[in-house]
J.: 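Have a look at this one.
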Amino acid sequence: MVYTRLETIRMPELPEVETVRRILEERLKGLKLTSYELGRPTFYRAPPKASLDALLGATLEAVRRRGKYLILSFSGGKELTLHLGMSGRIVLGGKGPHTRFQFTVEGQVVSFNDARRFGRVGCELPEFGPEPLSAEFSPSYLFKTLRKRKAPIKAMLMDQAIVAGLGNIYATEALFEARIRPGKAAGALSRADCERLTAAIKKVLALGVELGGSTLEDSAYLDPLGRPGGFQDRVAIYGRKTGLCGHALKATRKTISGRTSLYCPVCQQ
DNA sequence: ATAGGCGCCTGTAAGC
DNA sequence: TGCTTACAGGCGCCTA
């Protein structure tokens, strides 16, 4: 497969974070946090020691996800939030490089590693739009929300306050699937567009979750057990020069949310 | 309220 | 071959 240099991008989005969530919950639920250690912090401030100290001795009751955030729920109503940023990884049973935070639950070591330091530990949760895989995220919600918006549809899809969990990979794939150009003004989408787009978003995210996320190069996303995802083998356009549709793809540089966008000029009219 | 731009950070690869 | 530079992006923050 021919990749452009986009292949070097790593972005944990909803499917990757959901995969991490499932593994953590399966492996760690019911265990007691016995110690923690802070490494060199990420760009965002490290959580205050007092809030981490409060977790000592608490039992991990659930691992939840909201958008791209992981929320570890402990006994006593205590929570620890994690955001993987661009390059964050959770590693079970090992250290690895760039460890920002690490904790032990009854002998099992859990490391949060993040080379690029855009990740967060113990952060506040922002305002979110609906979960894209929920019934609340519907064609009518999307149409109503976007109706008066002038920004490009791709920027709106990556706005977590509109819908929570999409990043560049899945937004790109969903727009291709729905045959909508990323630069189209969101308010110009018809009801039919919104129906196709809602279905496309749910489809690509569900497939991403099913395949355990996407790993677009050797050192990119890996799950907490070190396993790559499978969605990269199913991408239609992301990271490619020619789409699965057989057409040469177009890349626009920094015109949408300051980011590169990719689309098929033939299929996405 | 919304849209757009900047900067944080560092691994990678293109360019010289 | 080795060094330099541009680039990628989620998100918060700033400005108009």
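What's counted below: heavy atoms across the whole structure, side chains too, no hydrogens, waters or symmetry copies. In what follows, every chain begins at residue 1, and chains take the letters A, B, ... in the order their sequences are listed.
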J.: Determine: side-chain N/O of A:Gln160 to OP1/OP2 of C:dC11, distance under 4.0 Å, yes or no.
T.: yes

J.: Hey, could you give me each pair passing salt bridge (Lys or Arg N to Asp or Glu O under 4.0 Å) that has a residue in residues 140-167 of chain A? Not counting sequence neighbours.
T.: none

J.: Checking contacts here: which listed nucleotide (C:dG10, B:dA3, C:dG12) is nearest the side-chain heavy atoms of A:Met158?
T.: C:dG10

J.: With a 3.5 Å cut-off and no angle check, do the side chains of A:Thr34 and A:Thr104 form a donor-acceptor pair?
T.: no

J.: Is the charged tip of A:Arg120 near the ring of A:Tyr44: under 6.0 Å from the six-membered ring centre and within 45° of its axis?
T.: yes

J.: Rounded to the nearest Å, what distance is computed from the CG atom of residue A:Leu166 to the P atom of nucleotide C:dG9?
T.: 15 Å

J.: Using atom CD1 of A:Ile162 as one end and atom P of C:dC11 as the other, report the distance to the nearest whole Å.
T.: 13 Å

J.: Any side-chain N or O of A:Arg40 less than 4.0 Å from the OP1 or OP2 oxygen of B:dT10?
T.: yes

J.: Just wondering, do A:Ile153 and A:Leu197 contact through their side chains at under 4.5 Å, heavy atoms?
T.: yes

J.: So which nucleotide from B:dG4, B:dT10, B:dC8 ends up closest to the side chain of A:Phe43?
T.: B:dC8

J.: Atom CD1 of A:Ile169 to atom P of C:dG9: distance rounded to whole Å?
T.: 10 Å

J.: If you check every side-chain atom of A:Phe118, which of C:dA8, B:dC8, C:dC11 has the closest atom?
T.: B:dC8

J.: Name the closest nucleotide to the A:Arg259 side chain, picking from B:dG7, C:dA8, B:dT10.
T.: B:dG7

J.: Rounded to whole Å, please give me the gap between CG in A:Leu146 and P in B:dT2.
T.: 12 Å

J.: Between the side chains of A:Ser111 and A:Gln102, does any donor sit under 3.5 Å from an acceptor?
T.: yes

J.: A:Arg45 has an atom CZ; how far is it from atom P of C:dC13, in whole Å?
T.: 11 Å

J.: With side chains defined as the heavy atoms from C-beta onward, is the minimum distance between A:Val63 and A:Ile71 less than 4.5 Å?
T.: no

J.: Using a cut-off of 4.0 Å on non-hydrogen atoms, how would the nucleic acid contact of A:Pro41 be classed: base, sugar-phosphate, or nothing?
T.: nothing

J.: Would you say B:dG11 has OP1 or OP2 under 4.0 Å from some side-chain N or O of A:His98?
T.: yes

J.: Check this one for me: any side-chain N or O of A:Lys150 less than 4.0 Å away from OP1 or OP2 of B:dG4?
T.: no

J.: Give the rounded distance in Å between these two atoms: CZ of A:Arg117 and P of B:dG7.
T.: 18 Å

J.: Taking N and O atoms by type only, does the side chain of A:Arg116 place a donor or acceptor under 3.5 Å from a partner on the base of C:dA8?
T.: yes

J.: Output the rounded distance in Å from CE (A:Met156) to P (B:dA1).
T.: 15 Å

J.: Taking 4.0 Å as the cut-off, does a side-chain nitrogen or oxygen of A:His83 come that near to OP1 or OP2 on C:dG10?
T.: no

J.: For the side chain of A:Arg149, starting at C-beta, report the closest nucleotide among C:dG10, B:dT10, B:dA3.
T.: B:dA3

J.: With respect to the side chain of A:Ala115, which nucleotide from C:dG9, B:dC8, B:dG11 is positioned closest?
T.: B:dG11

J.: Return the value, rounded to whole Å, for the distance between atom CG of A:Asn113 and atom P of B:dG11.
T.: 13 Å

